[in-house]
Amino acid sequence: MKAKITIDKNFKIGEVQRNIYGSFIEHLGRAVYEGIYQLGLSVSDEEGLRKDTLELVKELKVPIVRYPGGNFVSGYNWEDGVGPKEKRPRKVDLAWGVVETNQFGLDEFASWAKKADTEVMMAVNLGTRGIAEALNVLEYCNLKGGSYYSDMRIANGHKDPYGVKVWCLGNEMDGPWQIGHKTAAEYGRLASETGRVMKVMDPSIKLVACGSSSSGMPTFASWEAEVLDNCYNEIDYLSLHQYYNNTANDSADFLARNMEMDDFISSVVSICDYVKAKKRSKKKINLSFDEWNVWYHSNEQDKKIEKWVSVPHQLEDVYNFEDALLVGSLLITLLKHADRVHMACLAQLVNVIAPIMTSDTGAWRQTIFYPYRDASLYGNGTVLNTIVDTEKYDSKNFCNVSYVDSIVVYNEEKEEVTIFAVNKNMTEDIELTCDLRQFEGFKVKEHIVLHNEDLKAENTEANKNNVAPVTSDVSKLDGGILNSVLKHKSWNVIRLSK
Ligand code: AHR
């Protein structure tokens with residue numbers, strides 16, 4: 001099989017916004033406790049922050065991390081997690097049926113984020129709480145001092161404000177499972193009023209309103225339109241959430257599911273622009289795809305978890321190789337929409353549906369770690385309109401699925417061109433060509449390949465490097481024409497530079 005990629009350096013989709021490589025830490029399962037924080041463990045520092053996790057997070061160069069939820073935030077009192085630890089209350093967390101000890105809170109998270117070289121994206125509780133509490137937490141985080149909550153932060157030992165720039169107005173408020181679930185009209189009004197006064201307190205912040213919890217929600221599309229109708233002027237981004245599964249064990253169909261993401265993004269862009277036109281507004285709303293990943297492996301196990309315990313093994317998906325391929329295609333899809341998707345969060349970061357896993361004896365990289373790391377490291381610059389000409393297949397739910405997903409990113413400043421490509425063909429290697437004569441003097445720097453004959457191969461603590469990338473020498477650039485081979489079932493990063 002053959003594939004031809006056509007690009008032109010003048011045909012640009014948009015600049016990659018680094019925040020599309022964001023992630024998410026929720027008070028859920030072992031994400032916080034045992035994931036990023038474990039007091040007394042030999043690999044933890046004096047604050048109890050796990051250094052092994054920090055190293056892996058830094059390897060991913062995660063630009064921004066959403067916190068503290070997720071469903072958790074809709075029942076959370078942020079004040080419970082600040083101040084002397086011995087005074088912090090143990091509280092019932094209705095979202096996940098557990099008991100939250102509050103030994104870790106926003107001050108600890110801000111400190112972790114600093115050490116992880118990442119920014120905080122804070123969510124406020126618009127489930128059980130509202131405008132007042134959103135203002136209070138913003139005051140605690142961003143005001144210099146001289147007011148009740150900013151002085152409280154200083155009294156808690158944190159003189160400098162955190163300067164949190166991005167704030168989520170609640171979480172999945174369209175979902176009937178959400179604590180304090182609302183109609184679109186109720187939520188839209190609340191988001192508008194909350195956002196308006198938050199920007200009075202700190203005009204430099206950016207706000208994310210809740211879009212749909214998935215494109216499968218019965219209220220999808222009308223929810224977005226009505227919410228935006230109410231809060232268009234106050235907000236900057238609209239969120240999208242979507243998780244993908246292969247419960248049917250149909251790999252061809254599963255690997256096509258990035259087409260669903262593509263469609264979802266295009267639809268939400270259309271709705272944003274419809275409301276823009278209706279309001280005769282000059283302002284454009286961009287998208288924050290702030291929860292996306294594969295999630296299904298742990299579903300059955302999670303049904304057995306006892307209620308009201310603390311820190312259970314929850315949502316601990318062990319990812320396999322085909323999950324890494326889909327994650328690669330999903331990253332390519334996000335890049336294809338770089339003009340409008342300005343933030344995205346791989347959900348989540350550690351232990352809970354995550355690229356990083358930990359135990360008391362170590363931390364390791366799941367299969368999905370690799371495409372996420374490659375995109376974050378090398379997918380920076382201008383996304384070029386990438387036309388892929390190759391064969392297509394039909395699956396149970398999708399027609400015309402390209403065997404190759406690809407996107408090309410040109411980093412003019414660094415004089416680098418990166419081709420990301422997934423070969424979804426299970427048996428055939430694909431001969432790839434791409435005319436790169438516009439990039440005079442460029443050479444192949446590296447071709448990274450993630451491949452495994454077994455789609456179900458996993459990385460575990462006992463076998464940490466079962467699925468790991470290798471470098472290949474099959475890519476040749478001769479007279480400006482790239483000739484390469486995309487191995488059957490593989491994720492590829494072809495890096496070219498001067
Ligand atoms: O990421 C796990 C959960 O998925 C989040 O708490 C929620 O927002 C979504 O439903």
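Numbers for residues simply follow the sequence, beginning at 1. All ligand and atom numbering here is 1-based and tracks the order in the structure.
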Less than 4.0 Å is my threshold; does some heavy atom of Asn293 fall inside it relative to ligand 1? no
So for Trp292 against ligand 1, with non-hydrogen atoms under 4.0 Å, the contacting part is neither
Closest approach of any protein heavy atom to atom 8 (O) of ligand 1, naming residue and atom: Glu291 OE2, 2.7 Å
Does Phe72 have a non-hydrogen atom less than 4.0 Å from ligand 1? no
Is there side-chain contact between Glu260 and Asp263, with heavy atoms separated by less than 4.5 Å? no
Are the side chains of Val383 and Ile407 in contact, using a 4.5 Å heavy-atom criterion? yes
For atom 6 (O) of ligand 1, grab the closest protein heavy atom and report residue, atom and distance to one decimal in Å. Glu26 OE1, 2.6 Å
Is any side-chain heavy atom of Lys206 closer than 4.5 Å to one of Tyr237? yes
At a 4.0 Å threshold, what atoms of ligand 1 neighbour a non-hydrogen atom of Gly70? 5 (C), 6 (O), 8 (O)
Judging by distance only, is a nitrogen or oxygen of His241 under 3.5 angstrom from one on ligand 1? no
So is Asn171 polar-close to ligand 1, meaning N/O to N/O under 3.5 Å? yes
Is the distance from the ring center of Trp223 to that of Tyr187 below 6.0 Å? yes
Quick one: are Phe289 and Met343 in side-chain contact, heavy atoms under 4.5 Å? no
Can you report which non-hydrogen protein atom sits closest to atom 1 (O) of ligand 1, along with the distance? Tyr243 OH, 2.8 Å
Which residue and non-hydrogen atom of the protein lie closest to atom 2 (C) of ligand 1, and at what distance in Å? Gln348 NE2, 3.5 Å
Just by distance, no angles: are the side chains of Asn230 and Ser192 close enough, under 3.5 Å, to form a donor-acceptor pair? no
Any non-hydrogen side-chain atom of Ile285 less than 4.5 Å from a side-chain atom of Lys276? no
Atoms of ligand 1 under 4.0 Å from any heavy atom of Phe24, numbered from 1 in the order shown, are 1 (O)
Can you sort out which atoms of ligand 1 are near Ile353, meaning under 4.0 Å from one of its heavy atoms? 1 (O)
For atom 10 (O) of ligand 1, closest protein heavy-atom neighbour: Glu172 OE1, 2.7 Å
Ring-ring centroid check Tyr37 Phe109, cutoff 6.0 Å: no
Using modelled atom types and a 3.5 Å cut-off, is there a donor and acceptor pairing between side-chain atoms of Asn171 and backbone atoms of Gly69? no
